[in-house]
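Written below as structure tokens is the structure these notes are about.
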Amino acid sequence: MEGQVLFFRDTWAEVDLDKITDNLKAIKEILPSGTEMMAVVKANAYGHGDRQVAETALRAGATYLAVAFLDEAIALRKKGITAPVLVLGASRPKDVNLAAEKKITLTVFQEEWIKKAKDILNQNAKLKVHMKLDTGMGRIGIRSKEELKAVESLILNDDRFLFEGVYTHFATADHLDHFYFEKQLGRFNQMIEWLEVRPRYVHSSNSAAALRFPAASFNAVRIGITMYGLTPSLEIEPQLPVVLKEAFSLHSKLVHVKKLQKGDKVSYGATYEAAGEEWIGTLPIGYADGWVRKLQGQDVLVEGIRAPIVGRICMDQCMIKLPYYVPPGTTCTLIGRQKEEFISVNEVAQKLETINYEIPCMISARVPRIYKWNGEKTEISNSLLK
Ligand SMILES: *Cc1c(COP(=O)(O)O)cnc(C)c1O
């Protein structure tokens, strides 16, 4: 564990990089041959750790990385990642020289933006760009032939731009109903026909489309959620052609255990009342760690048995009702497996009435991450003490 940082709290997340490797290899198997994989590592790799996941993904066969905004791309460069990185969101024209210098690829879709960038770009700069087409997502991108022609000619007429890619994004690739997906795919095929030059990369698929619709793979796909072992949606989970392995788990250790008598109360508002003699344990995790107050009632695993969170979740701690006396120091699992029991990311998402994507993202930077590689602990990352 070279250069490791320690942590001094009894709450941590584990990220199993072997599972990320297995997921990507399984996905690559079913892609049309020659399809490149872009690993989407935005939002600190969906909360898993941007550098660690980027390195793992590149080793597992990804050839490109993608992030949401320029700062995330620069963060990867600062951490020594030299692979190509695409910024999926909008960047500012004034930052084009920085992007060019750091060999970061930007997404472009506005005529005005290109004009401003031309005024700012250094004489000898080389900026790689991917053109974004809005085929129905309604977020960012070119929508008409006129815009596409104008943006393309501004790029092609200036050798400081390298027109490297064109892409779109699907709004409903994770729905059972294909109708809107087909409509977007048709529009994308039509729009790329309008291009004078077909760039090296043509890509449209996120995880759901990559796994379900090979015809939408073109020559690259953008893999996010499935790399982490999570399904793009519950409705398509039964038909996914690969077995996904969840890479993220969350753990804490009991810091206190006590016996309550009938009528004794627990936590703020004194809303929970013991019905009789009860063993109550305290875990050092709370809403500031991302274990939000709405998770009151959610189970935690203790010795492979489900134990519910009782009383209000505090900023840094919460209480669970134990099945029997368990000593302080016992490891509890909030997400992941213990013996025969498993609390999935999906279970937590359903409790919060949200999607699985949100769960690892919301486990805050205050929770250290332990990385496993080749079945062994390889690194501890603690953003508090780095
Ligand atoms: C986040 C994102 C992805 C990855 O989507 P998943 O569903 O996580 O695979 C792909 N493309 C774009 C444009 C994105 O913003």
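Start at 1 and go down the list; that is how both ligands and their atoms are numbered.
- Between Phe213 and Phe181, the two ring planes are parallel [angle under 30°; tilted spans 30° to 60°].
- Heavy-atom contacts of Tyr46 reach the following atoms of ligand 1: 1 (C), 4 (C), 5 (O), 6 (P), 8 (O) (cutoff under 4.0 Å).
- With Glu72 contributing its side chain and Ala43 its backbone, the two residues share a donor-acceptor pair below 3.5 Å.
- Under a 4.0 angstrom heavy-atom cut-off, Arg139 registers as being in contact with ligand 1.
- The distance between the ring centers of Tyr228 and Phe248 does not fall below 6.0 angstrom.
- Among protein heavy atoms, atom 7 (O) of ligand 1 sits closest to Tyr357 OH, 2.6 Å.
- Side-chain N or O atoms of Arg187 include one that pairs as donor or acceptor with a backbone N or O of Arg143 at under 3.5 Å.
- Atom 11 (N) of ligand 1 has Arg222 NE, 2.8 Å as its closest protein atom, hydrogens excluded (heavy atom only).
- Aromatic ring centres of His130 and Tyr64 lie closer together than 6.0 Å.
- When hydrogens are left out, the protein atom nearest atom 13 (C) of ligand 1 is His169 ND1, 3.6 Å; that is the closest non-hydrogen contact.
- Results of the salt bridge (charged side-chain N to carboxylate O under 4.0 Å, His left out) test with Asp50 over Lys79, Arg77, Arg369 single out Lys79 as the only residue that passes.
- Summary of contacts: the protein heavy atom closest to atom 9 (O) of ligand 1 is Ser207 OG, 2.6 Å.
- Close approach of ligand 1 to Gly224 (heavy-atom distance below 4.0 Å) involves ligand atoms 6 (P), 8 (O), 9 (O).
- In this structure, the ring of Phe218 has its center no less than 6.0 angstrom from the ring center of Tyr167.
- With hydrogens left out, the protein atom closest to atom 1 (C) of ligand 1 is Lys42 NZ, 1.4 Å, a heavy atom.
- Listed by atom number, the atoms of ligand 1 under 4.0 Å from Ile225 heavy atoms are 6 (P), 7 (O), 8 (O), 9 (O).
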